[in-house]
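Read the numbers this way: they start at 1 and go in the same order the structure lists the ligands and their atoms. Reckoned from all heavy atoms, side chains included, excluding hydrogens, waters and symmetry mates.
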Amino acid sequence: MLPLQPYGPLAAIIGDKPLPRTEVTSRVWAYIKKNRLQDRRNARMINSDAKLRDLSRQDQFDMFELTRLINRYLRHVDDTSSPAADSSDDELRAADEEPTADPDELDLRVRRLRKRAVETQPPGSKQPVRVETTTSAYVRDPAVKAWVLENANGKCELCLQPAPFTDAQGFPFLEVHHVTMLADGGADTISNAAALCPNCHRRLHFANDCTAAAATLRRRLQRLR
Ligand SMILES: [Zn+2]
Ligand SMILES: [Zn+2]
């Protein structure tokens, strides 16, 4: 991959040596982790320290915004006159329309495309390319998941409504959510897990009121305290 030159607030974080884009991203993440700037309650949010505030101009920002923020302060090495972020609107749009196998990058591009007018029906891809990716996962305890689901007795523990449907094995369909996410150091125990309907589960992960919803869940369930 072509190395890009970090400058301005980005260079203050990762240095001004030209690096491939992936390396730039992983160094910014290393900085965020090292300085514990990922929000403890909502892991999608990054809390700015002085350097990140220079980069983002916000006290807190969504991790999905990170690529866009980084792009502002990267330019091509041989091209000192024009920052990479100064590409024309058409070029930016074309870049956002490129297919990607990275789910975070996909969501980011979707968000940016939605902010523009969508004029034409996209052709899509009849045969999407399949790629190998590496993921890591936590080893989880089936007994904990089974207990939480059985204990919920077919009702969502947040909205208290019955599961929206029965699965192919005849069980009421609920999902088990870790209140403090495993990625944030949460435990895989019944005191950190709740059975939720898919809507409430997505809400806890993605809604703008997810912190309030999590607080309601904690209030409701004794065992989470
Ligand atoms: Zn629910
Ligand atoms: Zn969850």
* Compute the angle centred on the Zn ion (ligand 1) spanning SG of Cys197 and SG of Cys159, and express it rounded to 10 degrees. => 120°
* Would a hydrophobic clustering, with Ile, Leu, Val, Met, Phe, Trp and Tyr connected at side-chain separations under 4.5 Å, put Leu69 with Leu19? -> yes
* Asked: Which residues and atoms, protein N, O or S only, are under 2.8 Å from the Zn ion (ligand 2)?
  -> His177 ND1, His201 NE2, His205 NE2
* To do: For the residue pair His177 and His205, categorise the inter-ring angle as parallel (less than 30°), tilted (30 to 60°) or perpendicular (more than 60°).
  => perpendicular
[X] and [Y]: side chain donor to acceptor below 3.5 Å:
X	Y	result
Asn47	Asp39	yes
Tyr73	Asp54	no
Lys33	Gln38	yes

* Go through Arg72 and Leu10 one step at a time and tell me if the side chain to side chain contact (heavy atoms under 4.5 Å, CB included) criterion holds. => CA-CA 9 Å; Arg72 269 193 206 155; Leu10 182 60; over 6 Å; no
